[in-house]
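A short worksheet on the structure shown next.
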Amino acid sequence: MERKTALVAGANGIIGRTLTEHLRTSGWDVTGLSRRGGPGTIAVDLLDPADTRAKLAPLTGVTHLFYAAYQDKPTWAELVPPNLAMLTNLVDAAPPGLEHVSLMQGYKVYGAHLGPFKTPARETDAGHMPPEFNVDQQQFLERRAGSWTWSAIRPSVVGGTALGNPMNLALVIAVYASISKELGLPLRFPGQPGAYDSLLEMTDAGLLASATVWATGHQGAFNIANGDLFRWRELWPKLAAYFDLDVAPPLRMSLADVMADKGPLWTHMASEHGLTASYADVSASWAFGDFVFGWDYDVFADTSKSRRAGFHEYVETEEMFYRLFDEFRKARVIP
């Protein structure tokens, strides 16, 4: 069989890192792209068309583009121009032998970030009022497709181990629990009262990588999640027990605010426990934690389309958290 060659944009992120590892272990030739570069990864500014063309020029054998890059901005409207431009510049610079473009999306397509929305969300649901960069990116691929096919992967909150990432909920919980334990405090759920009882789901980064590669044989959008639902009311005490912590009643607080002064404490903890991660490494996702813990409404999607098309993998969310916490401890990220 002809060897496939992948280009992964956003290779150092919570999604791209696991996807890159999965592709390599599956026998693909893989080149990663990121703003910072790194081992096996090319540093490129995807907002710069000339830099993108120059960096991709030698990569003439690329058959598949996997797009998991993201540029954060303070408002939904401001997210559109840079995130659409990065994808556009990447596709414009792609070699003529390209076969497939994979776009990483999320439930923002369904308006999950705006407030209560129809659940379970389905790929055929009506769109919502823009701005929404995920929708603009997909429409761009739909217009440009012809010599290559495309897929749009829609995970829920992704569980992974990447540090310094603005959207790593597992790390938020692990560090929040570790600091609570250091201070002799119980683990309080910090979100909206209604969020404690809402139905949620997550998507394991390894499962997502497998589904993303599977979807290269298809065209269209696919919801991808672990396959189970949970409520924080049931899961939170179990996560607390992992860290040998008691649970106290929920108390609404902004993690971004209450964790703003914890850098010196973390430095002390790192010295005491031999931790390898700085506070900057582990504190990038506090605002995302506030965002997710503020969902006082159900957030889940129908994943039966992917199952009907042939993808049948699943992950138990509770066990996923324990595995990720174990990995953080093994890497000396947390005590």
Query raised in the report: Going through the distances and angles, do Tyr242 and Asp326 end up as a side chain to side chain donor-acceptor pair (under 3.5 Å)?
Result: CA-CA 10 Å; Tyr242 175 94; Asp326 286 345; 2.6 Å; yes
Requested in this report: Go through Arg231 and Leu199 one step at a time and tell me if the side chain to side chain contact (heavy atoms under 4.5 Å, CB included) criterion holds.
Outcome: CA-CA 5 Å; Arg231 302 181 198 274; Leu199 274 176; 3.6 Å; yes
Query raised in the report: Between the side chains of Ser102 and His64, does any donor sit under 3.5 Å from an acceptor?
Result: no
Query raised in the report: Side chains of Thr52 and Asn89: donor-acceptor distance under 3.5 Å anywhere?
Result: no
Query raised in the report: Going by the side-chain hydrogen bond (donor to acceptor under 3.5 Å, both in side chains) test, which pairs reach into residues 200-209, not counting sequence neighbours?
Result: Tyr107-Glu201, Asp204-Arg323
Report task. May I have all residue pairs that pass side-chain hydrogen bond (donor to acceptor under 3.5 Å, both in side chains) and include part of residues 283-294, sequence neighbours excluded? Result -> Ser254-Asp290, Tyr279-Trp286
Side-chain contact test, heavy atoms from C-beta onward, threshold under 4.5 Å: evaluate it for [X] versus [Y] and give yes or no.
{"X": "Gln137", "Y": "Tyr67", "result": "yes"}
{"X": "Leu275", "Y": "Val282", "result": "no"}
{"X": "Ser178", "Y": "Glu182", "result": "no"}
{"X": "Leu87", "Y": "Gln138", "result": "no"}
{"X": "Glu123", "Y": "Asn223", "result": "yes"}
{"X": "Leu65", "Y": "His100", "result": "no"}
{"X": "Val299", "Y": "Thr119", "result": "no"}
{"X": "Phe325", "Y": "Ile173", "result": "yes"}

Donor-acceptor contact below 3.5 Å, side chain [X] vs main chain [Y]:
{"X": "Thr212", "Y": "Ile153", "answer": "no"}
{"X": "Asp228", "Y": "Thr317", "answer": "yes"}
{"X": "Lys238", "Y": "Glu234", "answer": "no"}
{"X": "Lys4", "Y": "Leu23", "answer": "no"}
{"X": "His128", "Y": "Ala112", "answer": "no"}
{"X": "Asp296", "Y": "Ser198", "answer": "no"}
{"X": "Thr25", "Y": "His22", "answer": "yes"}
{"X": "Ser210", "Y": "Leu207", "answer": "no"}
{"X": "Thr63", "Y": "Thr5", "answer": "yes"}
{"X": "Lys55", "Y": "Ile42", "answer": "no"}

Atom pair [atom1] ([X]) and [atom2] ([Y]), whose distance is rounded to the nearest 0.5 Å:
{"X": "Tyr176", "Y": "Lys262", "atom1": "OH", "atom2": "NZ", "value": "10.0 Å"}
{"X": "Lys330", "Y": "Thr161", "atom1": "NZ", "atom2": "OG1", "value": "11.5 Å"}
{"X": "Asn165", "Y": "Asp281", "atom1": "CG", "atom2": "CG", "value": "12.0 Å"}
{"X": "Gln71", "Y": "Met86", "atom1": "CD", "atom2": "CE", "value": "5.5 Å"}
{"X": "Ile334", "Y": "Leu324", "atom1": "CD1", "atom2": "CG", "value": "10.0 Å"}
{"X": "Phe66", "Y": "Leu103", "atom1": "CZ", "atom2": "CG", "value": "12.0 Å"}

Which pair of non-hydrogen atoms, one from [X] and one from [Y], has the smallest distance, and what is that distance?
{"X": "Gly289", "Y": "Leu169", "answer": "CA-CD1, 4.2 Å"}
{"X": "Ala248", "Y": "Pro186", "answer": "CB-CG, 3.6 Å"}
{"X": "Gly160", "Y": "Ala205", "answer": "CA-CB, 4.2 Å"}
{"X": "Ser180", "Y": "Leu245", "answer": "CB-CD1, 4.4 Å"}
{"X": "Arg35", "Y": "Ala43", "answer": "O-CB, 3.9 Å"}
{"X": "Phe243", "Y": "Ala174", "answer": "CZ-CA, 3.8 Å"}

Report task. Determine, step by step, whether Arg308 and Lys305 satisfy the side chain to side chain contact (heavy atoms under 4.5 Å, CB included) criterion, reporting the C-alpha distance in whole Å, the side-chain angles of both residues, the deciding distance to 0.1 Å, and the verdict. Result -> CA-CA 5 Å; Arg308 291 193 301 271; Lys305 179 183 176 183; 3.8 Å; yes
Using the six-membered ring wherever Trp is involved, compare the ring planes of [X] and [Y] and label them parallel, tilted or perpendicular (cut-offs 30° and 60°).
{"X": "Trp232", "Y": "Phe293", "answer": "perpendicular"}
{"X": "His218", "Y": "Trp214", "answer": "tilted"}
{"X": "Tyr70", "Y": "Phe133", "answer": "tilted"}

Query - Trace of the side chain to side chain contact (heavy atoms under 4.5 Å, CB included) decision for Asn168 with Phe288 - result: CA-CA 8 Å; Asn168 191 336; Phe288 182 65; over 6 Å; no
Query raised in the report: Taking atom CG of Asp45 as the centre, does the number of heavy atoms from other residues, nucleotides or ligands within less than 6.0 Å exceed 12?
Result: yes
Report task. Mark yes when over 12 heavy atoms from residues, nucleotides or ligands other than Tyr314 sit less than 6.0 Å from its OH; otherwise mark no. Result -> no
Query raised in the report: So, for Phe140 and Trp150, is the gap between ring centers shorter than 6.0 Å?
Result: no
Requested in this report: Dump the intermediate steps for salt bridge (Lys or Arg N to Asp or Glu O under 4.0 Å) on Asp302 and Lys118, then the final yes or no.
Outcome: CA-CA 11 Å; Asp302 176 6; Lys118 171 190 163 290; over 6 Å; no
Query - With Tyr196, the ring-ring contact (aromatic ring centres under 6.0 Å, His included) member among Phe189, Trp295, Trp236 - result: Phe189
Query raised in the report: Considering residues at least two apart in sequence or located in another chain, which fulfil the salt bridge (charged side-chain N to carboxylate O under 4.0 Å, His left out) criterion with Arg233?
Result: Asp197
